[in-house]
Amino acid sequence: MIDIELLRKNPATVIKRLGTRGVLKKEVEALIRADTKWRKAEAKVEQLTAQRNKLSEEVPKLSSEKRKQRISELRSLNLRLLGPTGRGDLALLEKSRLELWKKLPNLPLPEVPVGSDASANHVVTEPLLPLPKFSFLPRNHLGLGISLGILDIEHAAAASGSRFGAFLGDGVRLEFALVTHAFKVLAAEAFTPILPPALIKRKRMDAMGYLDRGAEEVYTTQDDLVLVGTSEQSVGAMYAGQVFSQKDLPARFVAFSTCFRREAGSHGKDVRGIIRVHQFDKVEMFSFCRPEDSVREHRFFLELQKRLMEDLEIPFRVVQLCTGDLGVAAAATYDIEAWFPSRNAFVETHSTSNTTDFQTRRLPVKFRAENGQLRLGHAVNGTAYAIQRTIAALLEVHQTADGTVRIPNVLRPYLGGQDTLRRSDERH
RNA sequence: GGAGAGGUCGCAUAGUGGUCUAGUGCGCCGCGCUCGAAACGCGGUAUCCCCCAAAAGGGGAUCGUGGGUUCGAAUCCCACCCUCUCCGCCA
């Protein structure tokens, strides 16, 4: 949720900044009106309540005659308090105010390029590594994975239908190698490793900003729990209500979890292979920090992501999302896009967002500043490795003419020194 | 899933319808005493929201959560959540 104080004090700024991401002026104005009405009603109800409390406190001191009279007065006062102009009305006003409030996305940071959709995104960094040149027609990750025997779509479909995949053999070992490497690199940067729950309470998911727009992406259960689409949601949810000491910030976490997405709005997109599936695994970075540090923390996350991709020797570029392409909770987002030779294109493998106080306000997550003041924290999240997409990119980039795939140096120690992925019937 | 116990201010505890603006102890902060410290004494020490705002101030809500009874609820009633102990089931 955005800062409603800011909206009250400076509505023009909020309208302008949200306008850059496609929020209509009337949506913001509707909230202002609802807020004003609610505040008036709130003041009125509180005044009646104060009066009620005062008269009620005196009851035990009154003589029995006066007491009867006072109690009947209080009964009628309570009727007013609870009636249509009292608390009932207030509850309705509060509800509609909250609904309008929750619908507004986060304010983009000033440096975010303005644009209406992905076509206005800025390429920040061109690939540092040269794009691979092949003397043969490069195969896609799906064909490679199947022929290497590390990817099984067919049997996964038998179990679960479309948009599912299973890793086999070296594919499994490759996943664990990536996970182990990410945890190793990030542990050295003061990230606390965490294996969080993948099912979280609906209200926590709501606080993280994933239910007001895009709720159709979320798998639900019969138990008021929802499946996470990223462990960012789990880690944020875990620290709902937390008050950190300032000295413990930034509080960094590296999480591994399976992620579940319905992909309801992506009809026909990336249907083949493991680029876009209902279930995937991801190592995720998450940090709670001071507001004045979140921009720096966000850049730090981007640097870590670049390093993790460089370690895999996969060419990539960095894209800064424009205002119109930002997720609901994000104030600024960078994507990393890896080179996919079979597509002759870059495909998103990483994303890192500064969500400022949008999520921490509702969770809430605060910290005790050195002067004793209680303040809202900021939250920053970012992909370390999205396993399926990363393996897909790795297969494509490091494929060779004979159908084998070179394993990047950095991963070999985790694989007992193995340097190549080859068909199981070619081994020995 | 079943049985039992419990959830009150940072921690520990008191509180079974109005004297609770939730007491006490510990911790923490400030002041006093002291060369300094300990001890001692005095004062302070939650969060959210509304009004008015420069500040001060006024008001409301919160005793796990949500309902209910009542003029009035930490206290009575109902439902739920969580923790602990045991049983069952299970990886």
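Proteins come first, then strands; the chains are lettered A, B, ... in the order of their sequence lines, and each starts at number 1. What you see is a predicted model, and the numbers here were worked out from it, not measured in a lab.
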* More 5' along RNA chain B: A:Leu374 or A:Glu46, using each one's nearest nucleotide? -> A:Leu374
* Asked: Could you state the CD1-C1' distance from A:Ile71 to B:U69, rounded to the nearest angstrom?
  -> 15 Å
* Asked: Can you tell me if the side-chain N/O atoms of A:Arg368 get under 4.0 Å from OP1 or OP2 in B:U47?
  -> yes
* Partner nucleotide, any strand, of B:C48 [Watson-Crick/G-U, under 3.5 Å] -> B:G60
* Asked: When we call it a touch if two heavy atoms are under 4.0 Å apart, what does A:Arg39 touch: a base, just sugar-phosphate, or nothing?
  -> sugar-phosphate
* Looking for any heavy atom pair under 4.0 Å, which part of the strands does A:Lys54 touch: base, sugar-phosphate only, or nothing? -> nothing
* A:Asp311 and A:His181: side chain donor to acceptor below 3.5 Å -> yes
* Indicate whether OP1 or OP2 belonging to B:C71 is found under 4.0 Å from a side-chain N or O atom of A:Arg75. => yes
* To do: Take A:Glu58 and A:Glu5, find for each the nucleotide of RNA chain B with the closest heavy atom, and name the residue whose nucleotide sits nearer the 5' end.
  => A:Glu58
* Asked: Among the nucleotides B:A61, B:G59, B:C48, which one has an atom lying closest to any side-chain atom of A:Thr49?
  -> B:A61
* For B:C89, which nucleotide in any strand shown is its Watson-Crick or wobble partner with both distances under 3.5 Å? -> none
* Asked: Should the pair A:Lys203-A:Asp224 be classified as a salt bridge under the 4.0 Å nitrogen-to-oxygen rule?
  -> no
* At under 4.0 Å, does any side-chain N or O of A:Asn53 touch on OP1 or OP2 of B:G72? -> no
* Spacing between A:Glu94 atom CD and B:C48 atom P, to the nearest angstrom -> 16 Å
* Structure fact -> In whole angstroms, the gap separating C1' of B:G59 from CD of A:Glu57 amounts to 13 Å
* Strand partner of B:A14, provided both Watson-Crick or wobble distances fall under 3.5 Å -> none
* Please report, rounded to the nearest Å, how far the C1' atom of B:U47 is from the CG atom of A:Leu376. => 13 Å
* Would you tell me if any nitrogen or oxygen in the side chain of A:Arg362 comes within less than 4.0 Å of OP1 or OP2 on B:C48? => no
* To do: Would you kindly give the CG-to-C1' distance between A:Leu98 and B:C48, to the nearest whole Å?
  => 14 Å
* Interatomic distance where NZ belongs to A:Lys66 and P belongs to B:G18 [whole Å] -> 23 Å
* To do: Measure from CE on A:Met1 to C1' on B:C48 and round the result to the nearest Å.
  => 12 Å
* **Closest to side chain of A:Ala43, choosing from B:U47, B:C50, B:G59** => B:C50
* Which class fits the ring pair A:His350 and A:Tyr385: parallel under 30°, tilted 30 to 60°, perpendicular over 60°? -> perpendicular
* Asked: Under a 4.5 Å cut-off applied to non-hydrogen side-chain atoms, are A:Thr192 and A:Val254 in contact?
  -> no
* Asked: Between A:Leu90 (CG) and B:A61 (P), how many Å, whole number?
  -> 12 Å
* Quick one: look up who B:A53 pairs with, Watson-Crick or G-U, both distances under 3.5 Å, and put none if it's unpaired. => none
* Proximal nucleotide (of B:C71, B:G60, B:C50) relative to the A:Arg8 side chain -> B:C50
* Structure fact -> pair_partner(B:C35), Watson-Crick or wobble, both distances < 3.5 Å, evaluates to none
* Centre of A:Phe367's six-membered ring, under 6.0 Å away, within 45 degrees of the axis: is that where NZ or CZ of A:Arg375 sits? -> no
* Geometric class of the A:Tyr219/A:His278 ring pair [parallel <30°, tilted 30-60°, perpendicular >60°] -> perpendicular
* Pairing partner of B:A73 (Watson-Crick or G-U wobble, both distances under 3.5 Å) -> none
* Asked: In Watson-Crick or G-U wobble terms, both distances under 3.5 Å, what is the partner of B:A5?
  -> B:U83
* To do: Considering only atom C1', compute the distance from B:C63 to B:U8 and round it to an integer number of Å.
  => 4 Å
* N or O in side chain of A:Lys37 less than 4.0 angstrom from B:C50 OP1/OP2 -> no
